[in-house]
Amino acid sequence: MSVRSPSERRVALVVIGGGRYAAVEIDDADEEQSRITLTAAELAGWVRDAEASDSPRWIIRSAREIYSVLLAADVHIARSHDLLLCHAILRDTATVASPLAPSAAWERKEPTDAVPALFDVFDDERGEDPVAEALEQFRSQRRVMSAATDGRLTLLCAAESAGGLIAEEMRVAGLPWNEQVHDRILTETLGTRPMAGGLPSRMVELADQVRTILGDANLHLDSQQKLLRALHRVGVQVESTSKWELAQHEHPVVEPLLAYKKLSRLLSANGWAWLAEWVHDGRFRPVYIPGGVVTGRWASAGGGALQLPRSLRPAVRADQGWTLVVADVAQLEPRMLAAMAADEAMARAAQGRDLYAGVVESGAVGTREEAKYAVLGAMYGATTGDSGRLVPRLRKVYPRAMALVDTAARTGEDGGIVSTWLGRSSPRPSDEWMRLQSEATSADADPAVVALARRRARDWGRFTRNFVVQGTAAEWSLIWLAEIRHRLRQFDETFAAAEASGPFSRMPHLAFFLHDEVILHVPEQHAEEAAAAVQEAAVTATRRLFGNFPIDVPLDLRIAMSADK
DNA sequence: GCCGGTAGCGCG
DNA sequence: AAAGCGCGCTACCGGC
């Protein structure tokens with residue numbers, strides 16, 4: 001991903017209704033220079049040619065809407081400006097004096113199902129002149145981006161737009177998923193698959209064991225209420241059926257019950273039904289939603305892409321003749337915190353693979369475990385328990401880093417807005433929250449209301465505290481992803497073009513992304529090259545964000561047939 | 001039978 | 001009711 005240079009060619013692709021598209025050349029003043037009209041059948045070919053000749057930045061309403069159409073015709077684009085994704089950022093940013101005016105027409109409607117909102121494309125009623133409206137929106141967005149003198153919003157929008165493209169590409173490519181391996185794991189863990197309706201054999205055994213111990217042969221284990229009453233009857237005085245609470249008790253029922261619950265979860269979330277619904281032709285194709293989380297993290301819809309249990313990792317297997325490049329960042333968030341705060345002591349602790357070991361060396365805490373709890377507590381706002389007790393020790397050793405998160409928390413408690421490193425801002429607290437706070441400040445306020453307001457203020461403070469760190473980590477990851485894609489495209493051109501016979505047939509490609517982790521699917525002979533690209537991309541992402549500030553962001557990087565660790 | 005709220009647990 | 005952030009999904013359960 002590169003930030004636009006003045007001479008860069010820009011073309012807006014606009015849906016103009018009746019199944020037709022306008023391709024509009026934009027000059028350096030962001031004015032329309034020329035326009036041609038394309039039918040749906042002509043679109044892909046025209047874009048392919050333009051892309052091949054000088055790879056313009058495509059101004060699009062949304063990658064979800066239009067890139068899926070292009071990809072279906074095996075047309076890839078390098079760069080875009082995604083008006084829907086950037087609208088949200090530029091409208092909410094608190095880092096410039098005049099953010100973008102809100103407009104319902106440029107708000108992303110979240111699809112609630114797994115099908116992309118393709119039919120938006122053919123909405124003829126959208127406006128008077130869709131081209132003029134798109135260009136006007138683009139100009140407004142450009143004004144806001146350039147109001148940030150340091151280019152941060154421009155970088156953020158470029159990265160967010162690249163993310164929009166990558167999300168669509170990853171869905172088309174899919175994650176290579178071996179159904180036989182998945183089936184074997186299920187059978188080994190849950191027992192033999194039931195013929196119809198019933199539970200697998202190991203679950204049946206465990207359930208019988210639990211029912212025997214609880215003295216109720218017909219107990220329905222999946223009902224918390226019935227289970228809770230049965231537990232009370234045998235003297236297990238828990239207030240909930242959650243596993244952390246059950247684990248505190250010593251009773252013969254605990255072990256088989258926890259085992260049953262674990263298997264039950266695997267069966268219902270990622271069992272044979274999931275496999276049949278979500279894996280086709282050896283690929284799992286989740287719908288990614290870039291920027292779907294307030295902090296800028298991606299969300300997903302359908303298939304639970306971001307919650308795949310680690311026990312199923314071995315089912316992620318490269319095709320014959322291919323391999324996986326699997327990379328993740330260790331302790332990304334505290335590293336981002338150290339760099340944002342320019343906390344050199346914390347950056348020193350972050351040197352090398354294990355940040356927590358560095359924290360121990362600094363003398364703040366005695367063990368790695370303590371370091372972990374202290375650091376997580378600092379970023380999440382722990383006040384009690386082991387974690388809360390350890391946080392003050394960090395405040396002595398890393399005053400700058402702690403001041404950054406403490407300030408973010410105080411801003412939130414006061415109803416203020418915080419921003420990430422590149423300028424994505426937290427939402428305003430709700431009207432209800434505001435009302436409660438002002439109600440609590442009146443002289444004759446009910447003490448219960450005051451206490452509640454205080455609690456809600458602290459809750460929101462913990463959210464804004466974490467927002468700046470989680471959101472900046474999301475920005476690093478987004479740039480990392482975009483830089484990986486950029487490098488794969490570069491070296492792909494040199495060897496794959498001649499062999500290509502379909503989408504991603506010979507191309508190394510991104511196959512999975514999970515907050516601070518990527519999986520690439522790569523022809524074997526290019527594995528080393530791809531791994532190097534992932535590493536270089538990380539270095540570049542760090543430099544893009546923090547210049548020469550010395551912060552290490554080391555990767556766990558491996559080349560393997562399966563994603564299993 | 002449909003719907004929304006809640007519990008619980010998977011991921012980072 | 002985990003202490004301490006952000007999500008999505010499934011199954012229950014009560015109300016209609």
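Every value quoted in this text rests on a predicted model; they were computed, and no experiment measured them. The analysis underlying the following values was restricted to heavy atoms, covering all of them including side chains, and did not include hydrogens, waters or symmetry mates.
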Could you tell me whether [X] contacts a base, only the sugar-phosphate backbone, or nothing, with contacts defined as non-hydrogen atoms closer than 4.0 Å?
{"X": "Y373(A)", "answer": "base"}
{"X": "S223(A)", "answer": "sugar-phosphate"}
{"X": "G381(A)", "answer": "sugar-phosphate"}
{"X": "V469(A)", "answer": "nothing"}
{"X": "G388(A)", "answer": "nothing"}

Protein-nucleic acid N or O pairs under 3.5 Å, nucleotides 14-16 of chain C:
none

Handout entry: Phosphate OP1/OP2 of dG4(C) contacted by T384(A) side-chain N/O (<4.0 Å)
Key =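 For dG4(C), OP1 or OP2 has a side-chain N or O of T384(A) closer than 4.0 Å.
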
Between [N] atom [atom2] and [X] atom [atom1], what is the distance in whole Å?
{"X": "L266(A)", "N": "dA11(C)", "atom1": "CG", "atom2": "P", "answer": "13 Å"}
{"X": "W278(A)", "N": "dC9(C)", "atom1": "CH2", "atom2": "C1'", "answer": "11 Å"}
{"X": "L227(A)", "N": "dA11(C)", "atom1": "CG", "atom2": "C1'", "answer": "14 Å"}
{"X": "R229(A)", "N": "dC13(C)", "atom1": "CZ", "atom2": "C1'", "answer": "12 Å"}
{"X": "L221(A)", "N": "dA11(C)", "atom1": "CG", "atom2": "P", "answer": "15 Å"}
{"X": "L263(A)", "N": "dT10(C)", "atom1": "CG", "atom2": "C1'", "answer": "16 Å"}
{"X": "M402(A)", "N": "dG4(C)", "atom1": "CE", "atom2": "P", "answer": "14 Å"}
{"X": "L228(A)", "N": "dA1(C)", "atom1": "CG", "atom2": "P", "answer": "13 Å"}

Thinking salt bridges, do [X] and [Y] make one under a 4.0 Å N-O criterion?
{"X": "R353(A)", "Y": "D556(A)", "result": "yes"}
{"X": "R297(A)", "Y": "E333(A)", "result": "yes"}
{"X": "R465(A)", "Y": "D406(A)", "result": "yes"}
{"X": "R313(A)", "Y": "E517(A)", "result": "yes"}

Practice task
Name the residue closer to the 5' end of DNA chain C, choosing between W274(A) and T383(A) according to the nucleotide with the nearest heavy atom.
Solution key: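 This one resolves to T383(A).
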
Practice task
Between H220(A) and G385(A), name the one whose nearest nucleotide on DNA chain C is closer to the 5' end.
Solution key: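 The residue whose closest nucleotide sits nearer the 5' end is G385(A).
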
Practice task
Heavy atoms under 4.0 Å is the rule here; annotate nucleotides 4-12 of chain B 5' to 3' with B where the base is hit, S where only the sugar-phosphate is, and - elsewhere.
Solution key: ---SBBBSB

Looking only at the side chains, is there a donor atom on one of [X] and [Y] sitting less than 3.5 Å from an acceptor on the other?
{"X": "T472(A)", "Y": "T420(A)", "result": "no"}
{"X": "Q224(A)", "Y": "T241(A)", "result": "no"}
{"X": "S362(A)", "Y": "Y398(A)", "result": "yes"}

Backbone of [Y] reached by a side-chain donor or acceptor of [X] within 3.5 Å:
{"X": "D446(A)", "Y": "A448(A)", "value": "yes"}
{"X": "S201(A)", "Y": "T192(A)", "value": "yes"}
{"X": "R202(A)", "Y": "T189(A)", "value": "yes"}

Practice task
List in chain and number order the residues that pass salt bridge (charged side-chain N to carboxylate O under 4.0 Å, His left out) with D354(A), two or more places apart in sequence or in another chain; answer none if no residue qualifies.
Solution key: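 Applying salt bridge (charged side-chain N to carboxylate O under 4.0 Å, His left out) to D354(A) gives R368(A).
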
Fill in the blank from the handout: Note, DNA chain C 5' to 3' with Watson-Crick or G-U pairs under 3.5 Å encoded as ( ), [ ], | and . gives ....||||||||||||

Practice task
Could you list by number each residue of residues 450-464 of chain A showing a heavy-atom separation from DNA chain B of less than 4.0 Å, or answer none if no residue does?
Solution key: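 DNA chain B contact set from residues 450-464 of chain A: none.
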
Handout entry: Close side-chain approach of L478(A) to W298(A), heavy-atom, < 4.5 Å
Key =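 A side-chain contact exists here, since the closest heavy-atom pair is under 4.5 Å.
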
Problem - L228(A): which of Q225(A), K226(A), H232(A) passes side chain to side chain contact (heavy atoms under 4.5 Å, CB included) - result: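 Answer after filtering Q225(A), K226(A), H232(A): H232(A).
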
Exercise for the section: Taking all heavy atoms of P286(A) and all of F284(A), pick out the closest pair and write down the distance. Expected result: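 It is CD-O, 3.2 Å.
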
Handout entry: Inter-nucleotide C1' distance (dC3(B), dG4(C)), Å rounded
Key =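 The same atom, C1', in both gives a distance of 33 Å.
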
Practice task
In whole angstrom, give me the gap between the P atoms of dG5(B) and dA3(C).
Solution key: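 Roughly 22 Å separates the two P atoms.
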
Practice task
Would you please name every residue forming a ring-ring contact (aromatic ring centres under 6.0 Å, His included) with H182(A), sequence neighbours left out?
Solution key: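 Here the qualifying residues are W177(A), W274(A).
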
